[in-house]
There are 2 protein chains.
Amino acid sequence: MPPETRRRGRPSGRTGTDLLDTARAVFLEHGYAGTTMDAIAARAQISKASLYREHPSKDALFAAIVRAWADAGRDAMRPHLQRLESAEDTREGLIALAEIMRAGILGREVLRMRRLVTSEAERLPEVAAAYLEDSWERNIRALAETLRALADRGRLRAPDPHLAAEQLTWLVIGAPLNRRLLAGTDDPDGHAAPVATAVDLFLAGYGPENGPLHA
Amino acid sequence: MPPETRRRGRPSGRTGTDLLDTARAVFLEHGYAGTTMDAIAARAQISKASLYREHPSKDALFAAIVRAWADAGRDAMRPHLQRLESAEDTREGLIALAEIMRAGILGREVLRMRRLVTSEAERLPEVAAAYLEDSWERNIRALAETLRALADRGRLRAPDPHLAAEQLTWLVIGAPLNRRLLAGTDDPDGHAAPVATAVDLFLAGYGPENGPLHA
DNA sequence: CCTACCGATCGGTAGG
DNA sequence: CCTACCGATCGGTAGG
């Protein structure tokens, strides 16, 4: 029997990052309280004792999952921001970006992760704070830098790029995110406003030759 | 012994609406999973058996609490919308309304209730849907009607008042709501943008003589 | 209306 | 001898 098959001295189940992915799936399916360490261990094909040796408690495991998730999502928007920055037509570039932001934030996994972190935010404030920073504030700042760059080239007028970035973001995702968080998962979001309506209001205030925001 | 003291034939603990208020407080303190029916019964000074006679399950009790809460919050914005509609200065009227919306939605109890409903939304979709309708969609529609009335009197230009109402709402509360939901409760929201920035972007698009939204 | 109690299952840890 | 892992079960508590 070849040593690869025997795997002597190597764990046969998932550990490390694989374990976190598996555990995340279980948490997303059943929620925090509904998830048992037994279920996670079973899914990962390790004993509970092994699970506890890697993560000393359920809370610690959850924190590790959120950290890994937020880490993986860091700078996820970078390439799309690059495309916006070099877009011929600023309005169309903004619409394309807005479409990607909306699809990303309203994705099932992202939505469920958000619900999970939010529901435990009071009990585990440092976990929620890290999530907020890595998967939100950081991306807002990146968008703000792109808006500043566009302003520098006369494509926009944005005296406060960070504020503008927040406003654009919430114009795009506020209503559908709220609906998805509170309505069941089944809503195909048929009656969501096109992202262009958000971009047009944004440009009414921040377009290069528009608006009393710069009076 | 006077009959008021004996209270013969009357339950000595809280029932009905009082019971729902008491139970809501316990849920808000400990979250759904962290709340036990024993704790609620004790706080309400009734036996667990009595509690189960009024509400056949923990889920049913929770549903009744959310329904009562959403019901109490219905039309909470009406008087403030009246004031906006008769405001001398539209911008200042919008700012005053925005201030009230923000304060209301970011209140501790409202925020905690929102977290609670959201976290159980997948398990109890009809509860979350009722909450969304009564304490959200309904208020958006009321705001939309006010905006339409202002447009009719030439104070605004709003071809789609419902869309405009949603956009104003999320410009005002999106960023601080997100931060409060994910950050601990301690944040005094020092670095929140003034509501006037939201109103000004809104007016850049919907002001009576502004913007390419009406080109 | 209450005390007492149930079947089951939880997060976490023992010895080997 | 070590690291990696297991079956079995602990004390407490959940909703009903």
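The sequence lines fix the lettering, A, B, ..., with proteins before strands; numbering per chain opens at 1. Basis for what follows: all heavy atoms, side chains included, without hydrogens, waters or symmetry-related copies.
As a whole-Å value, the separation of A:H55 NE2 from C:dT13 P is 15 Å. Summarising the geometry, the separation between CE on A:M37 and C1' on C:dT13 is reported as 12 Å, rounded to the nearest angstrom. Atom CG in A:L51 sits roughly 16 Å away from atom P in D:dA4 (whole-Å rounding). Look at NZ on B:K58: it is 9 Å from P on D:dA14, rounded to the nearest Å. Rounded to a whole Å, the OH atom of A:Y52 is 5 Å from the C1' atom of C:dG12. Going from atom CG of A:D59 over to atom C1' of C:dG11 covers 10 Å, rounded to whole Å. Whole-Å rounding puts the A:I40 CD1 to C:dC10 C1' distance at 13 Å. Straight-line distance from the CZ atom of B:R123 to the P atom of D:dG15: 11 Å, rounded to whole Å.
The phosphate of D:dC6 (OP1 or OP2) has a side-chain N or O of A:S50 nearer than 4.0 angstrom. When the side-chain nitrogen and oxygen atoms of B:T36 are compared with OP1 and OP2 of D:dT13, none of them lie within a distance under 4.0 Å.
Considering only side-chain atoms of B:S47, the nucleotide from C:dC1, D:dG16, C:dG12 that sits closest is C:dC1. Candidate nucleotides C:dG11, C:dC1, D:dG16 were compared by shortest atom distance to the side chain of B:R53, and C:dC1 ranks first.
Across the C1' atoms, C:dC6 and D:dA14 are found 12 Å apart, a figure rounded to whole Å. As rounded to the nearest Å, C:dG12 and D:dA8 have P atoms that lie 22 Å from one another.
A salt bridge between B:R138 and B:D75 is present, with a side-chain N of the basic residue lying under 4.0 Å from a carboxylate O of the acidic one.
Each of A:D38 and A:A49 has a nearest nucleotide on DNA chain D; the 5'-most of these lies closest to A:A49.
Using a distance-only test at 3.5 Å, with no hydrogens or angles considered, no donor-acceptor pair links the side chain of A:T197 to the main chain of A:A193. In this structure, the side chain of A:K58 engages the main chain of A:T35 through a donor-acceptor pair within 3.5 Å.
For the pair B:R123 and B:Y32, the distance from NZ or CZ to the six-membered ring centre is under 6.0 Å and the angle to the ring normal is within 45 degrees.
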Chi angles and distances behind the side-chain contact (heavy atoms from CB on, under 4.5 Å) call for B:W170, A:N178: CA-CA 10 Å; B:W170 288 105; A:N178 186 54; 3.3 Å; yes
